[in-house]
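In what follows, chains carry the letters A, B, and so on, assigned in the order in which the sequence lines appear, proteins first and then strands, with residues in each chain numbered from 1.
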2 protein chains.
Amino acid sequence: MSPPRPRGGAGGPDGPPGKRAREGDGRVDMKQVADLAGVAMSSVSRVLSGHPDVSDDMRQRVTAAAKQLGYEGPNMLAAMLRTGATRTIGFVIGDISNPLMAEIALGAEVTLREAGYTMMLVNSLGEAQRDASQIQLLQQRRVDGLLLSVTDETSEDTASALARAGIPAVLIDRDLPALPAASAVLSDHAAGITAAMEHLIGLGHRRIALIAGAPHVRPTRERIAAAEAAAEANPGVLCQVRPGAYTQKHGADTTLELLASGRAPTAIIAGGNQILVGVLSALRHRQRRIPRDVSLVTCDEVPLAEFLSPPLATIRRDPREMGATAARLLLSRLAGAAPQASILPTWFATADSCAEPRSPLNDTTPSRSSA
Amino acid sequence: MSPPRPRGGAGGPDGPPGKRAREGDGRVDMKQVADLAGVAMSSVSRVLSGHPDVSDDMRQRVTAAAKQLGYEGPNMLAAMLRTGATRTIGFVIGDISNPLMAEIALGAEVTLREAGYTMMLVNSLGEAQRDASQIQLLQQRRVDGLLLSVTDETSEDTASALARAGIPAVLIDRDLPALPAASAVLSDHAAGITAAMEHLIGLGHRRIALIAGAPHVRPTRERIAAAEAAAEANPGVLCQVRPGAYTQKHGADTTLELLASGRAPTAIIAGGNQILVGVLSALRHRQRRIPRDVSLVTCDEVPLAEFLSPPLATIRRDPREMGATAARLLLSRLAGAAPQASILPTWFATADSCAEPRSPLNDTTPSRSSA
DNA sequence: GTGAAAGCGCTAACAG
DNA sequence: CTGTTAGCGCTTTCAC
C-alpha cells in the first residue's frame, strides 16, 4: 500500500556494506537475508527453492539469517511476476450453493491445496455470458489452470474466451465441442439411468418420465440418451423426456403438465436436486402419493432424502471424488502430461419410492379427484 | 514460463523508433502500446487506469493503439507487485459442502466480484490447525482482506496467524477475543431460539434438549445462552444443553443418550444441518415418532426439510445475505472505513414437527418397546 | 558452488 | 498534461 520511495543515491553495487535497516512495511525481504548472511541474493533464492547445487555451509548460513530476521518467505507476487506461474487454479462453477457442486469444489480444493495450489472460485449463476467473462477474469489473473463446469457447452462466447485464454483446462462433466482435446472428469450417467430404467420396467412401469435439466450440458444429454435407449430396448415402454432447466420450477411445471396429460407417467426420474424439489411439490399439490400413484427416482444424493417417506431411490455418484480427480487431472496436465479423460461411475440405489404401478395398463385414476 | 532474454544493447531511450516485434509469449504489453501510440508508458497507464488528467487526444491515441494491437490490459501480476494490492479476498471456510456455508460463500463471491475482487476459497475442514495455516497461506498470497468463519475462536494458532498477517478481516458469525476490533456479520441467534423455546413451552413442553454444535464458536454459545435464559424465565422448564460438534454423530449419539435417560426430553432442538441428520436417524432407530413422541426443531434451513413428514419447524436466517453483508463490510474496511458489526435476524417458523407433549408430566413411555 | 546483472511489466513520484 | 525515472522483490542465465 505504501508508495515506493526512491532510496537516496545508492543505486549501484557500490552500496554501503553495513546492513541497511529499512522501515518500509515491516516485512523482511530476501535482500536483507542475503546481506545478513553475507551472501548474494541468488544464493538465498537457491537455498529457499531447494536448488540441489548448494553447499551445506551456505544452506545453514542462509537458514540461520532467515530465521534470525523472521523472514516469511519469498514475496509470491514478485515470484509470480518473474516466473509467470501463480500456482493458482480458477474454478468456474455454476452455483456453489448446489450441494453437488459444493462437494466437487471441496474435493478439488483439498487436492489442489495439497499440491501447493490455491483455488479461485467464481460462480456463473447459470448464465453462459458469465461463464465467458469469468474465464476472462481468471485469465487476467493469470491462473495456471482452469476447472470448468460451464452452463452451456455450445456457447460461442465461452468457446472464444477459452481459446483466447489458452490455459490448460479440465472439464467437469462437460463436453466442449470447441475443446475436443481437453482433459475431463466424466460421470457414467448411462449406467445409473439404465439401471433405474430397468428396475422400473421390471416393476411393470410402461410410461416413465425423465424430467431432465438444461439441454446443453453433458449430464442432460447422457441421461436422455440412456433413458431413450432403455425404452427402445423394451418394446411397449414409453419414455417421456422433458429437458428444460436445473430448476425447481421446471420440475414442478413439468410434473403438473405430465400429470394432467392423458398419458401420465407411472414413474418419474428427477434429473437433479432442484428438479426434485419441484417434482415433490407438484406431486404434493396434486395429492399424488409415492409410490402408490407414481414411483420416483432422483439423480444425485441430497442430504435428507433418506428421511423422506418413502425414502427416495437415487442414482448416486461420488462428487467429492470427481472434484479430486479433476484436480489431479489438471495437476498432471500442468506437469506436462497429455490431456486425458477420466470416467467415474454412477449407480442406482433403489428404495421404497419405487413400486409396481397400481394398474399397469390403466392407471390414470388419481388417488383423489383432481381438476 | 519462458526465461527472460537480455535485449541486445538497446536499454536507453535511444531505442530504434520502429515497432519491435517481440515473439515472447504472444502477449502484448504496455510498452508496445506506448511505442505504437508514440507516447510514454506512463501515459498509457494513466489512460487505462482512468486517471482524470489526460487529454482527449491522448486517450484516443492510446485506445486506438491498444485496440490495434489487441492489448488485453495490464498484467495484473506486475500491477500487484508494484502496488501491493491484489484485489483478492481470502475466505477461510469450515467446509463448503455445508449448504449454509455454501450460501454464504455464494453471497460473498457475487458481491466481491461486482466490486472487482476475486475470492480465494480455502476449507479448513473443522481443524483449527488448518485455519491457522490457511490464514498464513492467504497472507503469503497477499490477499487484501479476509473473510473468516473459523473452527475455534479460542485457538492460539489462529489468533497469532491473524496477528502476524495483519490483514483486514471480517468475521462471519464468530467472535474472536483476539480480534476485538474486527468487523463482523452476526446472526441474532437468540431471537430464533427464544421464539422456538417459547413456542415449545407454550405447547406444554417442560423438558427441552438443545443439541448444540462445537463449543468454541459463536452460534453455539448464543443458542445455548438463549435457550437457558428461556428456561430460567419459565419456572419448571428444564433445558438440557448438549454442546459437542457440528456432526451427524454428535446428533445421533446425544439423541440416543437423551432418550435412554430417565429424564428424556419431550422436544429437541437440533443445532445444525448435520446434527439434524443424526437426530433423525437416532429417532428412527429408536422408533420415536415426531411429534407424537418428541417434538423437533432444527436450526438453518435445509433443502428437503419441507417434504419430511411431518415438515420440520425451523429457525431460519438468510445465509446468502450474510455473505453479501460480510463482503460489503470488508469492502468498506478496505476503503478506509472503521470496523463495524452487522447483526442479521433469525426467525422461527413452526411446523407440524412441534406439538403438545403426550403427557406433560409423565411421558417416558415410548411408542413401542425399546431396549 | 556462488555472485553479478538483467529484467518480469507495471505504477507513481517528480520534473517539466 | 506528459515524459523520465526508479524501482516493487524475486529468479535465472551467465561467468567465474
Side-chain angles (χ1 to χ4, degrees), chain A residues 1-15 22 24-25 27-35 37-59 61-62 71-86 140 142, chain B residues 1-15 22 24-25 27-35 37-59 61-62 71-86 140 142:
Chain A
M1 291 297 190
S2 60
R5 303 151 303 106
R7 302 186 196 160
D14 56 298
R22 306 210 303 122
D25 70 346
R27 270 194 178 107
V28 181
D29 69 19
M30 224 167 79
K31 176 141 199 25
Q32 295 173 62
V33 176
D35 288 352
V39 302
M41 267 178 68
S42 46
S43 294
V44 177
S45 178
R46 283 192 199 98
V47 170
L48 265 45
S49 61
H51 189 105
D53 297 348
V54 175
S55 69
D56 277 357
D57 178 54
M58 174 65 83
R59 196 176 304 283
R61 293 173 67 180
V62 169
Y71 181 56
E72 309 202 289
N75 180 328
M76 292 192 68
L77 258 26
M80 288 172 183
L81 173 58
R82 184 51 228 245
T83 64
T86 56
Q140 284 174 177
R142 296 295 208 278
Chain B
M1 290 296 191
S2 59
R5 302 153 302 105
R7 301 191 199 154
D14 54 299
R22 305 210 303 122
D25 70 346
R27 271 196 177 104
V28 181
D29 70 19
M30 223 166 80
K31 177 141 200 17
Q32 295 174 63
V33 177
D35 287 352
V39 302
M41 268 177 67
S42 49
S43 293
V44 177
S45 179
R46 283 191 199 98
V47 170
L48 264 45
S49 61
H51 190 105
D53 298 349
V54 175
S55 70
D56 276 356
D57 177 52
M58 174 65 84
R59 195 175 306 282
R61 293 174 65 179
V62 170
Y71 181 56
E72 310 204 288
N75 179 329
M76 291 193 68
L77 258 26
M80 288 172 183
L81 173 59
R82 182 54 229 243
T83 63
T86 56
Q140 283 174 177
R142 296 294 207 280

Side-chain donor-acceptor pairs of residues 44-53 of chain A under 3.5 Å, sequence neighbours excluded:
{"residue": "Ser49(A)", "atom": "OG", "partner": "Ser45(A)", "partner atom": "O", "Å": "2.9"}
{"residue": "Ser49(A)", "atom": "OG", "partner": "Arg46(A)", "partner atom": "O", "Å": "3.4"}

Quiz item: Checking all strands, does Asn75(A) fall into the base, sugar-phosphate, or nothing category for heavy-atom contacts under 4.0 angstrom?
Solution: sugar-phosphate

Quiz item: Does Tyr71(B) make a side-chain N or O approach to OP1 or OP2 of dG9(C) shorter than 4.0 Å?
Solution: no

Quiz prompt | Minimal non-hydrogen separation, Ala37(A) against Arg61(A), with atom names | solution = O-NH2, 2.7 Å

Practice problem: Using whole Å, report how far CE of Met30(B) lies from P of dG3(D). | Solution: 12 Å

Practice problem: Please report the closest heavy-atom contact between Ala34(A) and Ala40(A), naming both atoms and the distance. | Solution: CB-C, 3.9 Å

Quiz item: Which residue, Leu81(B) or Val54(B), contacts DNA chain D at a nucleotide closer to its 5' end, judged by nearest heavy atom?
Solution: Val54(B)

Quiz item: What is the distance, rounded to the nearest whole Å, between atom CG of Leu48(A) and atom P of dG9(D)?
Solution: 16 Å

Practice problem: Report the C-alpha distance between Arg27(A) and Glu72(A) in whole Å, list the side-chain angles of each, state the deciding distance to 0.1 Å, and finish with yes or no for side chain to side chain contact (heavy atoms under 4.5 Å, CB included). | Solution: CA-CA 8 Å; Arg27(A) 270 194 178 107; Glu72(A) 309 202 289; 4.1 Å; yes

Quiz prompt | Residue pair Tyr71(A) / Val33(A): nearest heavy atoms and the distance that separates them | solution = CG-CG2, 3.7 Å

Exercise. Report the distance from atom CG of Leu77(A) to atom C1' of dT11(D), rounded to the nearest whole Å.
Key: 15 Å

Self-check item: Inter-axis angle, terminal five-pair segments of the helix from dG1(C)-dC16(D) to dG16(C)-dC1(D) [nearest 10°]
Solution: 30°

Quiz item: Does Ser49(A) place a side-chain N or O at less than 4.0 Å from the phosphate oxygens OP1/OP2 of dT11(D)?
Solution: no

Quiz prompt | Whole-Å gap separating P (dG7(D)) and CE (Met80(B)) | solution = 24 Å

Quiz item: Can you find a heavy atom in the side chain of Gln32(B) that is under 4.5 Å from one in the side chain of Asp35(B)?
Solution: no

Exercise. For DNA chain C, find the residues of residues 40-47 of chain A with a heavy-atom distance under 4.0 Å and give them by number; none if there aren't any.
Key: Ala40(A), Ser42(A), Ser43(A), Arg46(A)

Self-check item: Step-by-step side chain to side chain contact (heavy atoms under 4.5 Å, CB included) determination, Thr86(B) to Leu77(A)
Solution: CA-CA 9 Å; Thr86(B) 56; Leu77(A) 258 26; 3.9 Å; yes

Practice problem: Mark yes or no for whether Thr83(A), through its side chain, and Ala79(A), through its backbone, hold a donor-acceptor pair below 3.5 Å. | Solution: yes

Exercise. Rounded to the nearest angstrom, tell me the gap between atom CZ in Arg82(A) and atom P in dG9(C).
Key: 10 Å

Exercise. Indicate yes or no: at least one non-hydrogen side-chain atom of Leu81(A) is less than 4.5 angstrom from one of Arg82(B).
Key: no

Exercise. Please report, rounded to the nearest Å, how far the P atom of dG16(C) is from the CG atom of Asp53(B).
Key: 19 Å

Quiz item: Atom CG of Asp56(B) and atom C1' of dC1(D): how far apart are they, to the nearest Å?
Solution: 12 Å

Quiz item: Can you check the His51(B) NE2 to dA12(C) P distance for me, whole Å?
Solution: 10 Å

Practice problem: By nearest nucleotide on DNA chain D, pick out whichever of Ala78(B) and Met58(B) is the more 5' one. | Solution: Met58(B)

